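Since this is a predicted model, take the numbers as computed values, not measurements.
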Amino acid sequence: MTLSRMTLAAALLGATTLGAQAQDLRIALQSDADVLDPDQSRTFVGRIVYASLCDKLVDITPDLQIIPQLATDWDWSDDNTSITFTLREGVTFHDGTPFNADAVARNIERSQTLEESRRKSELTSVAGTEVLGDYEIRIDLSTPDATLLAQLADRSGMMMSPDAFDAAGADFGLAPVCSGPFAFEERIAQDRITLTKYDGYWNADAINFDSVTFLPIPDTTVRLANLRSGDIDILERLAATDLEQARNDDNIAIESAVSLGYQGLTFNLENGDRGDNPWGNDPRLRRALSLAIGRDIINQVVFNDAFAAGNQPFPPNSPWYDTERPVPERDVEGARALLAEAGHVDGITLEVQVPNTTVPLQLMQVVQSMASEAGINIEITSKEFATLLDDQSAGDFTASQIGWSGRVDPDGNIHQFMITGGGLNDAGYSNPEVDQLLNDARTTTDQAERKAMYDQALDILSVDQPIVYLYHQNWIWALDASIEGFTPYPDGMIRLEGVTKPEE
């Protein structure tokens, strides 16, 4: 072999080796994430990105047990008014600063005091923190809070670099710095979010990709076509209508898990001037719409019976579901009677904002058809999801088709949405009795006592109906069949520890 050929061969070998090292995992998301700041964000797809970007104090198992992540151990005080955490040593943030007890204290303070923070209502019980050592911290509570560990298994427990968020302030999400397996590289809105492997990660040996790219692809058909062509590796939330087609493709693997959350219609009751409308002012109209909707019809027509009909913030298979209040049968005449009672015998119009993705639009078209039979004319306004969220937060809506991915603790599915001034209470709903019940449910670890309080709250909410619940989905992932080690979780997150894709 001549020198030039040897040099060329070596170059090609080096390029091949480099290519093998630079393995990128491409994940298609149903929509684009909102701001990448755990204190400010609220989208489900944003949480999927965080699963790779931001470690939490604690995590969950597939069967919803709380397990260590950045905290290795914890101990409640005898009266449940404080909890002491032992922290993992040798952890650094992506900017190289150390993770320690002081960092935890500063993160909690930011979540509670940042003007734009949506985590305040999740941490209302936290009275303060006490740093006991470099890797030991006590969180003191103003009242016992059975939900705290579950909150710390989510965005409230995601640890960000204090130096980075102090410097960036409310703009931290433009270049987030956390301590997860991947570090932020770049973001192009509505196109991609790219993260690169953080070699200093405490569990780096479990991470087998050099980068992960998240691609917002709203159209379900396009997402599946991209998976079949090899342009993406994982598709989150495969449409139920595409399930049979995907199962018949030998190059695609299917994974699923029952969701913790729900989908429904949120009404503007008192969130700004637009809450002053017939739908926001009269619960009889909201109950009429609920009666006009056949949940079983939605499941059959839109989801090929792959999901579950719903009428509560908890799915029917949840221990927190109120079995004394089953999913109602469709009652068109009952809906018409309520409209007449409310003074709308000739019918009424409702504008509903809907994400501009396939499934929500199909869902609302079916709801629109059923509602029309009761005299309710639904006008559908399609919006990009981030815009829809912004308008909903600002009170610029009458009704909004939106859901919630669900939380391990039942509090996470109801408290923020129904409590007066809750961080996710976009309806502007306020009822002192509901406030009392939901706050009291946080103070006991006795499941029967908590269940009784949630049932009482649902007695009231079933009359007021600030949210009309429609269904509970199964998380369905479609993957390149060569991917190994993927574990489905009921929270819908994609955890990449132990996941591999063999080189072809």
Side-chain angles (χ1 to χ4, degrees), residues 262-298 309-313 325-354 360 363-383 388 391-404 414 417-418 420 422 424-434 457-471:
Y262 62 81
Q263 288 285 329
L265 297 171
T266 296
F267 288 84
N268 187 350
L269 276 60
E270 291 190 44
N271 185 353
D273 293 340
R274 287 198 61 181
D276 186 11
N277 69 82
W279 291 93
N281 295 334
D282 194 337
R284 291 173 296 184
L285 299 183
R286 303 190 291 273
R287 294 201 302 272
L289 177 61
S290 182
L291 285 176
I293 297 171
R295 274 81 166 172
D296 56 340
I297 295 174
I298 290 174
N311 66 324
Q312 299 177 28
R325 192 179 306 283
V327 175
E329 296 289 334
R330 187 182 184 218
D331 184 358
V332 175
E333 292 307 314
R336 285 188 174 276
L338 275 174
L339 289 182
E341 181 184 317
H344 299 280
V345 66
D346 295 324
I348 187 172
T349 295
L350 171 65
E351 180 189 7
V352 181
Q353 63 171 11
V354 183
L363 166 69
M364 281 311 304
Q365 287 163 1
V366 173
V367 171
Q368 181 185 54
S369 176
M370 289 189 286
S372 67
E373 296 179 24
I376 300 171
N377 173 41
I378 292 181
E379 296 179 349
I380 298 174
T381 301
S382 174
K383 298 181 179 180
L388 179 145
D391 289 347
Q392 186 172 303
S393 297
D396 189 13
F397 75 106
T398 302
S400 186
Q401 196 288 295
I402 196 167
W404 181 243
I414 189 170
F417 300 92
M418 299 301 175
T420 301
L424 297 175
N425 186 354
D426 292 334
Y429 177 71
S430 180
N431 185 306
E433 191 174 353
V434 171
L458 290 176
D459 288 341
I460 301 169
L461 293 170
S462 66
V463 176
D464 294 347
Q465 297 216 19
I467 298 177
V468 173
Y469 301 99
L470 298 177
Y471 69 92

Plane angle bin for Phe267 and Trp279 - parallel if under 30°, tilted between 30 and 60°, otherwise perpendicular = parallel
With side-chain hydrogen bond (donor to acceptor under 3.5 Å, both in side chains) as the test, would you mind laying out the steps for Thr381 and Gln353 before giving the verdict?
-> CA-CA 5 Å; Thr381 301; Gln353 63 171 11; over 6 Å; no
Mark yes or no for whether Asn281, through its side chain, and Asn277, through its backbone, hold a donor-acceptor pair below 3.5 Å.
-> yes
Would Gln368 and Glu379 count as a side-chain hydrogen bond (donor to acceptor under 3.5 Å, both in side chains) if you check the C-alpha gap in whole Å, the side-chain angles of each, and the deciding distance to 0.1 Å?
-> CA-CA 8 Å; Gln368 181 185 54; Glu379 296 179 349; over 6 Å; no
Between the side chain of Asn268 and the main-chain N/O of Gly395, is any donor-acceptor distance below 3.5 Å?
-> yes
Residue list, salt bridge (Lys or Arg N to Asp or Glu O under 4.0 Å) with Glu341, at least two apart or on another chain | Arg284
For the pair Ser369 (side chain) and Val366 (backbone), establish whether a donor and an acceptor sit closer than 3.5 Å, ignoring hydrogens and angles.
-> no
Can you sort out the partners of Ser290 under side chain to side chain contact (heavy atoms under 4.5 Å, CB included), two or more places apart, ordered by chain and number?
-> Arg295, Gln465, Val468
Using modelled atom types only, decide if a donor and an acceptor are shared between the side chain of Asn311 and the backbone of Pro328 within a distance under 3.5 Å.
-> no
Of the non-hydrogen atoms in Asp464 and Tyr429, which two are nearest, and what is the gap between them?
-> OD2-OH, 2.5 Å
Gap between atom CD1 of Ile414 and atom CD1 of Ile467 - 0.5 Å precision = 8.5 Å
State, with a plain yes or no, whether a side-chain heavy atom of Ile298 is found less than 4.5 Å away from one of Met370.
-> yes
Where Leu388 and Ser400 come nearest, the two heavy atoms and their spacing = CD2-OG, 3.6 Å
For Tyr471, the ring pair (Phe, Tyr, Trp, His ring centres under 6.0 Å) test, sequence neighbours excluded, returns Phe303, Phe307
How would you list, by chain and number, every residue that makes a side chain to side chain contact (heavy atoms under 4.5 Å, CB included) with Asp396, sequence neighbours excluded?
-> Arg274, Asp391
Is it true that a side-chain atom of Asn271 and a backbone atom of Gln392 form a donor plus acceptor pair closer than 3.5 Å?
-> yes
Who passes salt bridge (Lys or Arg N to Asp or Glu O under 4.0 Å) against Asp459, sequence neighbours left out?
-> Arg325
Can you tell me which residue pairs pass the side-chain hydrogen bond (donor to acceptor under 3.5 Å, both in side chains) test with a partner in residues 327-338, sequence neighbours excluded?
-> Arg330-Glu373
What distance do Gln401 atom CD and Leu470 atom CG have between them, rounded to the nearest 0.5 Å?
-> 7.0 Å
